[in-house]
Amino acid sequence: MAPLALVVAAFLAYSVPPYLTFDPAQSRVPAPPGFAAHYGFLVAHILFGTIAIVGVILQIWPWLRRTHPVAHRRIGRVYVFAGALPAAVMAGVIGSVSPFGPVIAAIDVVAAALWLGFTIAGWRAIRQRRYADHRKWMIRSFAMTMHTLMTRALSPLGFLVVMPRVDDKTELILDAATVSGVLSILTLLLLSQWWLDRKPKPASAR
């Protein structure tokens, strides 16, 4: 948990501060033409997303789940209703009008839809007391919460893949972002499924 928490803290420390000023000039995402509300949706997505990523780190912490189940349930509600759901909706909106082209827009919308769907499925499962299903869907929701972070982490690989084939700087950046975005979704889905399918250790080994 400690290494993951440190990575998330570093990611937030780098990503969030420019948007706390509410100054569109400091935005790292250019506003698409014809969508004046873009910056507002972007800031809302980042703020809700920050709540989501902090909340989900607490939710997957085994010690907290085991020793403080009431806190786990309350943080879970915050993660769902003040984090993941609104952040995913905002991500879908700003992703659909991405200034980086239709391919990256499609990737962003797919990631947002998966995040939204997994989170709703996990919430419905716990409301119906299907605890095993709840765990599965929320692990997938956790995975998609990490999508933006994973995309940034895979960016160097994206550049290595496209650099030998592309000379134009702008096209290079867009192609690398496309590769890292697709790899992020695939990696997170595969890792979460591997985690669910792995055989747990016997109690004695644990």
Side-chain angles (χ1 to χ4, degrees), residues 1 3-32 35 37-61 64 72 74-100 104-123 137-155 158 177-178 180-189 191-192:
M1 288 300 302
L4 178 60
L6 287 174
V7 169
V8 168
F11 170 73
L12 293 176
Y14 171 77
S15 302
V16 175
Y19 298 96
L20 298 179
T21 63
F22 301 103
D23 180 7
Q26 297 193 36
S27 175
R28 294 182 176 133
V29 181
F35 186 36
H38 178 268
Y39 182 73
F41 276 88
L42 178 63
V43 171
H45 165 67
I46 290 169
L47 295 180
F48 287 129
T50 299
I51 294 172
I53 200 169
V54 172
V56 83
I57 292 298
L58 294 173
Q59 285 300 90
I60 66 169
W61 188 7
L64 184 67
H72 175 73
R74 289 175 178 172
I75 295 170
R77 295 187 187 101
V78 173
Y79 166 72
V80 170
F81 294 109
L85 293 186
V89 171
M90 299 296 170
V93 173
I94 61 178
S96 65
V97 294
S98 173
F100 303 117
I104 293 179
I107 294 170
D108 290 344
V109 170
V110 167
L114 290 172
W115 192 15
L116 186 66
F118 292 160
T119 305
I120 291 173
W123 174 254
W137 288 117
M138 295 314 286
I139 285 175
R140 295 181 180 119
S141 176
F142 156 72
M144 295 314 301
T145 305
M146 298 294 152
H147 170 62
T148 302
L149 191 158
M150 180 65 81
T151 300
R152 302 293 184 272
L154 293 173
S155 292
T178 300
S180 60
V182 171
L183 287 177
S184 172
I185 293 175
L186 293 177
T187 300
L188 291 168
L189 292 178
L191 283 175
S192 59

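Between T145 and Y79, the closest side-chain pair of non-hydrogen atoms falls below 4.5 Å. By the 4.5 Å heavy-atom criterion applied to side chains, P30 and F100 are counted as neighbours. Looking at heavy atoms from C-beta onward, F11 lies in side-chain contact with R152 at the 4.5 angstrom threshold. Considering only heavy atoms from C-beta on, M138 stays 4.5 Å or farther from I60 through its side chain. Side chains of R77 and W123 form a contact here, defined as non-hydrogen atoms less than 4.5 Å apart. Contact annotation: the side chain of I104 approaches that of D108 to within less than 4.5 Å [non-hydrogen atoms, C-beta and beyond].
Separating the CD1 atom in I185 from the CH2 atom in W115 is a distance of 12.5 Å, to the nearest 0.5 Å. Taking CG of L188 as the start and CG of L114 as the end, the distance is 10.0 Å to the nearest 0.5 Å. Atoms CG and CG, from L12 and L149 in turn, are 8.0 Å apart once rounded to the nearest 0.5 Å. Taking NE2 of H45 as the start and CD1 of I94 as the end, the distance is 5.0 Å to the nearest 0.5 Å. Within the model, atoms CZ of F118 and OG of S192 stand 6.5 Å from one another, a figure rounded to the nearest 0.5 Å. Here CE of M150 is found 10.0 Å from CE of M144. Values are rounded to the nearest 0.5 Å.
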